[in-house]
Amino acid sequence: MNYKIVRLNTAAKSEITSSVLIIYTGGTLGMAYDESGALVPFNFGQILEKIPTLTSMNAAITVISFPEPIDSSNVNMQHWVDMAYIIYENYDSYDGFVVLHGTDTMAYSASMMSYMLQGLSKPVIFTGAQLPISAMRSDARENLMTSLEIATAKANGKPIVPEVCIFFNHMLLRGNRSKKVQSVHFDAFESENYPPLAESGIVIDYNYASIKPFEEGKKLKYFNQLDNNVMVLKLFPGITQNIMDSCFATKGLRGVVLETYGSGNSPSERWFIESLEKAVKKGLIILNVSQCNGGRVIQGRYETSKDLKRIGVLSGGDITTEAAITKLMFLLANENSDSEIRRKLIQPIAGEMSLTAQV
Ligand code: ASP
């Protein structure tokens, strides 16, 4: 990958005490209006003109830009491999990392990074903006400045937040617990099933009890294999056997995130259960995730989910769809056996689900 590297001369007025790497992937934050009024990525070398307060930070800031910044709706597996590799390759040289990313798929990318970068003991903070940095009422400045502060924050010489997070609109959320829930207002992200890791006001209030503890001497492991022979199948009243069977017959398909209702419920009609059972029997891995943002799957709580458990559909507990589909892509490529994939799907591997009994 042909990165563009920009070192910003930000510490002109103060002493450098920390270092941070910004990885600019694209998204609204880094766009400006061109003459025709369309939003296009601007040259990140000009960031100091847009945010002069960067010069008052006492951190050395380097920016690595994707050669072609993307709208995050175009993110693909190669972009994830690139993001993870940039962090891995530069891991020892920086105190923390800020990934500038479009909001549309930020929760997917942050989830994926939490799996691809295991043994992480430094902050990786995803952020972006609802309005471009050049817009008068933009949220970009606050999101970026606070992310930089969090990425370099230490207590007793150790990083306060040694995990992959999303910082947006004053809230720091665990990346693989987050969801984009708002496309117009500034409060774009929520994490219904896990408490915020910090809230920023006149100070940044860290919720120490919920942050993954720093582990001394952890070595970063980077995984670069992913498998996208997966799908999300969202149930809706009126879904037909034909649609279900056709989905499960897709050539190469290995895993399905089944978005069910409420606490993991589905139709209990015979054809529906039989269609799923046939799919499980032929080796498909099916993970039950709720369409609700909060709460969790409890297979067997209602009669309408008892059969799912019996035929071998796995419970995703309180995982989000974003964290579930990326976890499936990750495990399918990195585990040797289906039994190991199934075992890891129903337990947390990077804090993406709660440790309650998975049923
Ligand atoms: N479509 C944009 C993106 O995800 C929206 C944003 O940046 O917020 O890249």
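Whatever order the structure lists them in is the order used to number ligands and atoms, beginning at 1. The structure presented is a predicted model; accordingly, all values stated were derived computationally and were not measured.
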Novice: Is the shortest side-chain N to carboxylate O distance from Lys158 to Glu216 below 4.0 Å?
Specialist: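 Yes, charged N to carboxylate O under 4.0 Å.
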
Novice: Residues in side chain to side chain donor-acceptor pair (under 3.5 Å) with Ser339, at least two apart?
Specialist: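 If we apply the side chain to side chain donor-acceptor pair (under 3.5 Å) test to Ser339, skipping adjacent residues, the hits are Ser337.
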
Novice: Could you name the protein residues that come within less than 4.0 Å of ligand 1, counting only heavy atoms, and order them by chain and residue number?
Specialist: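 Gly27, Thr28, Asp71, Ser72, Gly102, Thr103, Asp104, Ala129.
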
Novice: Can you sort out the partners of Phe189 under ring-ring contact (aromatic ring centres under 6.0 Å, His included), two or more places apart, ordered by chain and number?
Specialist: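 Only Phe168 meet the ring-ring contact (aromatic ring centres under 6.0 Å, His included) criterion with Phe189.
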
Novice: Do Ser200 and Glu142 pass the side chain to side chain contact (heavy atoms under 4.5 Å, CB included) test, and can you show the C-alpha distance, the side-chain angles, and the key distance before you say yes or no?
Specialist: CA-CA 10 Å; Ser200 72; Glu142 148 64 16; 3.5 Å; yes

Novice: Going by the salt bridge (charged side-chain N to carboxylate O under 4.0 Å, His left out) test, which pairs reach into residues 114-125, not counting sequence neighbours?
Specialist: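 Sorted pair list comes back empty.
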
Novice: Using 30° and 60° as the class boundaries, would you call the ring planes of Phe330 and Phe223 parallel, tilted or perpendicular?
Specialist: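 Plane angle over 60°, so perpendicular.
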
